[in-house]
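Presented below is the structure to which this report refers.
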2 protein chains.
Amino acid sequence: MRSSTAQPGERQRDSEKVRATQILNAASALLAEAGSDGFTAAAVARRAGVNKALIFYYWGSVADLFERVLQGYYDSHRAALETALSVAGTKRERVHRLLDTYVDFMQDNRAYVRIVQHQIAGGGPYAAVVQRHYAEITQWALSQLEPLVPSSGATSPRHLHFSISAVVVNYFTYAPGLAEAWGHDPLTPGALAERRAHVHWLVDACLDSLERGG
Amino acid sequence: MRSSTAQPGERQRDSEKVRATQILNAASALLAEAGSDGFTAAAVARRAGVNKALIFYYWGSVADLFERVLQGYYDSHRAALETALSVAGTKRERVHRLLDTYVDFMQDNRAYVRIVQHQIAGGGPYAAVVQRHYAEITQWALSQLEPLVPSSGATSPRHLHFSISAVVVNYFTYAPGLAEAWGHDPLTPGALAERRAHVHWLVDACLDSLERGG
DNA sequence: GTACGAACTGACCGTATGGTCAAACCATGC
DNA sequence: GCATGGTTTGACCATACGGTCAGTTCGTAC
């Protein structure tokens, strides 16, 4: 099947990395669909249409491959947030734009947030890597937020950031449970729009309270 | 070892259920410490000081034993919330008392909330059972909340309850990650008190906004 | 003491996992 | 044609898992 498309000369050029990225793409797609539980060497190999041993030949171990996939998610997550914050505007405008970007990203990368949440809780073998990423991105977000929301104690950026993040993130990780608890699919466009309105409302309520010195 | 403490006549009386509860207790303790990942038949047996086959003799399967342990958590969770809501008072008083009870319970049962969060996200073999419990307790909470916070759309009890719940719950499930991201242990008495103050502040901010017609 | 039956044990099975390895394959350079 | 070296393969290994089972222990009733 492969030999039919291969041409003379392209072997050394392409196959230098083509197999590695082929496996990486399959791994990424598999992780998005099946989660970290279904992320096994055999499953990745089957998905990539490749012998299982090649997983280890190109990526060393399943854990290394997992880390590489996760790094891709992390990079785009950070890039999205940085882009959103680079635009000028009032404090409220910037906060709401950051919020929208955050919701968008979680909406588009449900597998990522599910995995991060599970590993952060200390439940998996990749807890160390995920926690390092999480600490990095949290510290960056806090450094950006501190000039916007200067306060301390119970209304510090730490708590505010964490709470807002929880409000956004859990909606997607809890989606399967919400479907049953609420009696309707929380991921339809209408439901998502309502949720988005809610988090904007909630953030405004917090900012109002802060400005009034609550 | 057992025969030294055993006495004539007590066999039928005690051993009727003593072994079953002995295994159940070990299973509960193990689940609290190691989480659902470390919850294997061999581990439970080792912890209970019992032959592995007895797990299946008394409980049928590992999944059945897991369900029984979870049922205990669920019962006390529901009992705690019902007790908190049974006390009379103003709307704000009742909301804040419910909140305190919720924080207390999560603080005392971190294993439970970690497991529920993981299974709810669809990552484990017990997702169905956990989601049924979650749906029950959510629907009960909503039925209690609807008279207190009557609104719809983006500020409906559904969204409010879910957001507040996320704010409370994630603090405990994310504790390992927060320790690294924040640079200090989020579970010290001082840190917990600050977090408790934060969630009370946040709920008040929401209630203020609601009352002003936000 | 002997038959009975519940409680208990260790060995075993099937399956799945991550990972290894010697051998085979095959395009290329000489 | 042939040696070379990166690439690919199927067979294989160790480990861990849930679960089963034939057989043994042991208190009790007769």
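A note on names: the letters A, B, ... follow the listed sequences, proteins ahead of strands, and every chain is numbered from 1. All figures in this text were calculated on a predicted structure; none of them were measured in a lab.
Following rounding to the nearest Å, Ile55(B) (CD1) and dA7(C) (P) show an atom-to-atom distance of 15 Å. What separates OH of Tyr57(A) from P of dT7(D) is a distance of 4 Å, to the nearest Å. For Phe66(A) and dG18(C), the CZ to P distance is 12 Å, given to the nearest whole Å. Rounded to a whole Å, the OH atom of Tyr58(B) is 13 Å from the C1' atom of dT9(C). Here the P atom of nucleotide dT17(C) and the CG atom of Asp37(B) are 15 Å apart, to the nearest Å. Between the P atom of dT8(D) and the CZ atom of Phe56(A) lies a distance of 16 Å, rounded to the nearest Å. If you measure from atom CG of Leu54(A) to atom C1' of dG18(C), you get 15 Å, rounded to the nearest angstrom. The nearest whole Å value for the distance from the CG atom in Asn51(B) to the P atom in dC8(C) is 10 Å.
A salt bridge does not link Asp37(B) with Arg114(B): none of the charged nitrogens is closer than 4.0 Å to a carboxylate oxygen. Salt bridge annotation for Arg158(B)-Glu194(A): absent, with no cationic side-chain nitrogen under 4.0 angstrom from a carboxylate oxygen.
Aromatic rings of His161(A) and Trp182(B) (six-membered ring for Trp) have centroids beyond the 6.0 Å cut-off, not under it.
Side-chain proximity of Ala53(A) to the nucleotides dG18(C), dG10(D), dT9(C) is greatest for dG10(D). Closest contact between the side chain of Arg19(B) and the listed nucleotides dC17(D), dG10(D), dC8(C) involves dC8(C).
Of all heavy-atom pairs spanning Ala111(B) and Tyr73(B), the tightest one is CB-OH, 4.3 Å.
Lys52(A) contributes no side-chain N or O that forms a donor-acceptor pair with the base of dG10(D) under 3.5 Å.
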